[in-house]
Each structure stands twice: as structure tokens, then as C-alpha cells.
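These figures come from a predicted structure and were not determined experimentally.
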Amino acid sequence: MSRRPILRVVAALLVSLLSIYALSIFKSGPRAAADFVCATQSNPSTVSIDVAAGETGSEIARELFDKEVVASSEIFFRLAVADPKAQLIAPGVHIIDTQICAEQALAQLLDSKRIAGLIAVSEGAWISEIKKLFIKAGYPQAEVEAAFIDAAVPKPFTQLEGLLFPAQYSFAEGTKAEVALKEMITRGMSEAVKAGILSEQSQYSPQQLLTIASIIQAEGGDGDFTKVSRVVYNRLKIGMPLQMDSTVHFVMESRGNIFLSTKSTLIKSPYNTYRKYGLPPGPIGNPGLGAMKAALAPAPGDWLYFITVAPQDTRFTSSLEEFNAWKVLYKKNLRAGKFEEK
């Protein structure tokens with residue numbers, strides 16, 4: 001048998017293999033290359049990486065590669081799959097350095113300071129504080145004020161306070177304040193539904209439940225939410241004034257001052273629960289999911305009083321005598337500086 005046909009077949013196979021290899025290189029580009037070196041750049045160039053809600057790791061990896069952030073989309077994807085923190089990458093526009101290693105790219109995506117136009121609403125934040133966050137994010141004050149004035153409050157609620165769910169929000173460049181605020185309200189309604197605030201099983205209206213949740217958020221730590229909730233309901237049941245310091249702080253727009261003077265309790269306002277019986281007319285802040293759930297599921301107990309006598313030491317009782325004894329201890333610890341920030 002002649003060798004020429006065999007040689008022609010072998011040659012054809014080699015050409016095919018080389019073509020396939022060349023095609024794979026062309027399609028994958030620098031992804032086939034090694035990872036960039038992890039090094040600090042003195043004056044790095046940056047690009048915007050827009051992470052959409054629900055976007056997959058492979059989609060993020062592709063954009064990082066396409067914008068020359070990483071040398072290999074595959075290496076970043078493998079790193080993201082192996083690292084649980086990758087699931088915490090927040091939606092939004094991230095400002096990321098170019099030509100960095102996959103590890104640095106992940107770290108920068110997890111850095112909230114690199115999210116453009118970030119509006120981070122903390123649990124219990126007031127609308128007056130959220131407006132300032134908008135302005136800090138670059139929105140003109142006049143535009144922000146107009147957006148909040150014109151915002152449609154979804155039924156059955158009558159006030160916007162309480163409906164701006166605590167979370168990190170990031171909006172693409174050019175997003176109008178009214179559009180951004182509308183998205184936040186939509187998120188707030190979704191979370192209220194999720195918590196059960198709009199259920200018909202409670203004797204209180206959704207607005208009242210959200211108000212109770214806002215008081216719980218302002219008055220208690222995460223571990224005490226259900227107990228604070230029970231105190232609120234117990235006082236309402238017997239017609240006892242709520243006398244919550246947080247409602248007066250809301251009126252005064254005063255934060256960081258744990259002590260409430262007697263003069264402050266005399267402020268004329270429907271939100272002052274030292275003067276007014278029952279619930280305030282609306283929420284005194286924007287509660288998180290934990291506080292909303294606690295408003296619907298208070299812990300069992302007969303408590304009517306609670307007081308934080310020292311950091312991380314909040315006590316509950318049904319005895320006014322015991323409460324007054326703890327109040328003495330609280331004042332002693334306050335004078336000793338135990339409540340001062342370290």
C-alpha cells in the first residue's frame with residue numbers, strides 16, 4: 001500500500017487539529033492566559049462593572065474579562081464558586097481597577113465603597129437621614145426634595161416613613177432621584193408583604209403594625225425584638241402610655257443621646273408617647289425584616305417595662321419597683337461612662 005494516502009490523511013488531521021486549537025484561542029482570547037499578578041498599582045485605570053440583581057458568577061466573570069479587569073474569566077469564576085463571600089456581591093455599578101488578579105477583583109466587588117451612587121439605608125433610619133444619603137450620593141438637593149414630596153405612597157399605607165427598607169441600593173449613573181426612590185418603595189412593599197405586615201390576621205392595620213415595628217427597631221437589639229414587641233402590646237392592651245424615648249428622639253431628630261430629659265417628654269407632638277396614649281400616627285423610622293416579624297410575633301410574657309442598664313444588658317420586668325431599681329443602676333453606669341463609645 002502506498003504511503004502517500006496515509007501521509008495525506010495524517011496531514012489533514014494535523015491541519016484540522018491546528019485549526020481547532022487556533023479557533024479556541026481566538027474565541028477564548030486572554031482567558032486562556034495566566035492570572036494577572038496580585039500587586040498594588042500606584043495609579044490604576046478603572047472601569048464600571050454593572051452587576052444586575054440575580055446575575056450569575058459566569059456573567060460577572062465574562063464582563064470582568066471583556067473589560068480587561070481579569071486575564072481569565074475562568075479563573076475568576078472558579079474563585080467565585082469556591083469562595084462563599086462571592087454570594088455577597090451587591091447589585092449595582094462597581095468601580096473596579098483593570099488588569100488585577102482574580103482575588104483582587106473579587107475583593108473590590110465586595111467593597112461597598114466602590115459601588116457608584118451607593119445609598120446604604122441602615123435599620124431604623126429616618127427619611128430625613130435618607131434624604132441626606134441621596135445628596136451624598138450626588139443627587140441635587142432640590143431634585144431629592146421634589147422626589148420625596150411627589151412620591152406615591154402605596155395603599156394601604158398613608159406615609160412614606162417606614163416603607164424604605166434598610167438595604168444597600170445602587171443606581172446606574174443618570175438615574176433620576178424619583179426613579180431611585182420608586183425602586184426603594186417597591187422593595188419596601190415587597191419586604192412588608194414578605195414579613196406579613198399586610199396580612200388580615202392582626203387586629204391592627206398594616207400602618208399600625210409598621211409603626212410598632214419601627215418602635216421595636218428603635219428600642220431593641222436583635223435579640224430583644226420579640227420582648228420589646230410584647231411590652232408594646234401589653235401596654236396598649238391595658239391603656240398604658242407607651243412612653244418610648246425613641247418616639248421623642250424622632251420628633252427632635254436627635255440620635256446618639258441615650259438620656260431623655262423631663263423637658264423633652266413634654267414636647268407637643270402626636271409622636272410623643274409620653275403625652276399621647278396609644279400608637280403614634282405613623283412609623284418613627286424604617287424597620288428591618290427582623291423588627292417587622294417581631295411586630296407580628298411577640299414573645300410570650302407579662303412585661304410592662306424594660307431598660308438597658310449597661311451595653312448588651314437589657315432587662316424586662318412587670319414590676320415597677322424592680323424597674324426603678326434597675327433605673328438607679330442605669331444612671332450609675334451612665335455616670336461611670338459605660339455607655340460611651342469606645
Side-chain angles (χ1 to χ4, degrees), residues 10-123 133 136-138 165-175 179-180 183-184 186-187 190-191 194 288-289:
V10 172
L13 287 171
L14 287 172
V15 170
S16 297
L17 288 172
L18 288 171
S19 298
I20 292 171
Y21 176 75
L23 185 60
S24 68
I25 293 294
F26 175 78
K27 285 185 176 181
S28 61
R31 284 183 298 170
D35 197 8
F36 286 128
V37 176
C38 292
T40 303
Q41 302 179 44
S42 58
N43 189 26
S45 59
T46 60
V47 292
S48 298
I49 302 297
D50 192 354
V51 179
E55 191 168 2
T56 66
S58 60
E59 291 172 327
I60 296 173
R62 164 55 68 178
E63 185 175 1
L64 290 172
F65 162 67
D66 288 342
K67 294 189 175 180
E68 299 184 355
V69 172
V70 295
S72 168
S73 61
E74 183 179 353
I75 288 177
F76 178 84
F77 178 70
R78 287 179 179 176
L79 174 66
V81 169
D83 192 333
K85 292 195 298 292
Q87 298 178 18
L88 301 177
I89 296 175
V93 179
H94 300 249
I95 308 303
I96 307 298
D97 297 345
T98 59
Q99 296 189 0
I100 55 178
C101 67
E103 187 177 341
Q104 287 175 310
L106 179 58
Q108 291 190 12
L109 285 169
L110 291 169
D111 185 356
S112 62
K113 294 179 181 177
R114 287 181 172 267
I115 301 179
L118 178 66
I119 298 176
V121 179
S122 59
E123 293 183 335
L133 295 176
K136 186 178 179 180
F165 186 75
Q168 285 197 155
Y169 299 89
S170 178
F171 304 100
E173 187 175 351
T175 302
V179 175
E183 288 187 27
M184 293 171 71
T186 300
R187 169 74 183 276
S190 174
E191 296 293 343
K194 186 188 301 182
L289 192 59

A side-chain contact here means heavy atoms from C-beta on lying under 4.5 Å apart; do [X] and [Y] qualify?
{"X": "L110", "Y": "L88", "value": "yes"}
{"X": "L106", "Y": "F76", "value": "yes"}
{"X": "F171", "Y": "E183", "value": "yes"}
{"X": "K67", "Y": "T98", "value": "no"}
{"X": "F36", "Y": "V69", "value": "no"}
{"X": "V51", "Y": "H94", "value": "yes"}
{"X": "C101", "Y": "D35", "value": "yes"}
{"X": "V121", "Y": "M184", "value": "yes"}

Between [atom1] of [X] and [atom2] of [Y], what distance do you get to the nearest 0.5 Å?
{"X": "L109", "Y": "I89", "atom1": "CG", "atom2": "CD1", "result": "4.5 Å"}
{"X": "K136", "Y": "L133", "atom1": "NZ", "atom2": "CG", "result": "7.5 Å"}
{"X": "R78", "Y": "S73", "atom1": "CZ", "atom2": "OG", "result": "10.0 Å"}
{"X": "Q168", "Y": "S122", "atom1": "CD", "atom2": "OG", "result": "11.0 Å"}

Fill in: Q104 and D97 side chains, donor-acceptor separation under 3.5 Å
no
Considering all heavy atoms of both residues, which atom of [X] and which atom of [Y] are nearest to each other, and what is their separation?
{"X": "P91", "Y": "S170", "answer": "O-CB, 3.8 Å"}
{"X": "L118", "Y": "A137", "answer": "O-CB, 3.9 Å"}
{"X": "L64", "Y": "A105", "answer": "CD1-CB, 4.5 Å"}
{"X": "I115", "Y": "A90", "answer": "CD1-CB, 4.0 Å"}
{"X": "R187", "Y": "A167", "answer": "NH1-CB, 3.7 Å"}
{"X": "F77", "Y": "G57", "answer": "CD1-C, 3.7 Å"}

Worksheet item: Taking the side chain from Q108 and the backbone from R114, do they hold a donor-acceptor pair closer than 3.5 Å?
Response: no
Item to complete: May I ask you to decide whether D83 forms a salt bridge with K85, counting only side-chain N to carboxylate O separations under 4.0 Å?
Response: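 Yes, this pair counts.
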Worksheet item: Got more than 12 heavy atoms from elsewhere within 6.0 Å of CD, E55?
Response: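 Enclosed: over 12 neighbouring heavy atoms sit under 6.0 Å from CD of E55.
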Worksheet item: In this structure, are over 12 heavy atoms from other groups packed under 6.0 Å from E191 atom CD?
Response: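 Buried by this count: over 12 neighbours within 6.0 Å.
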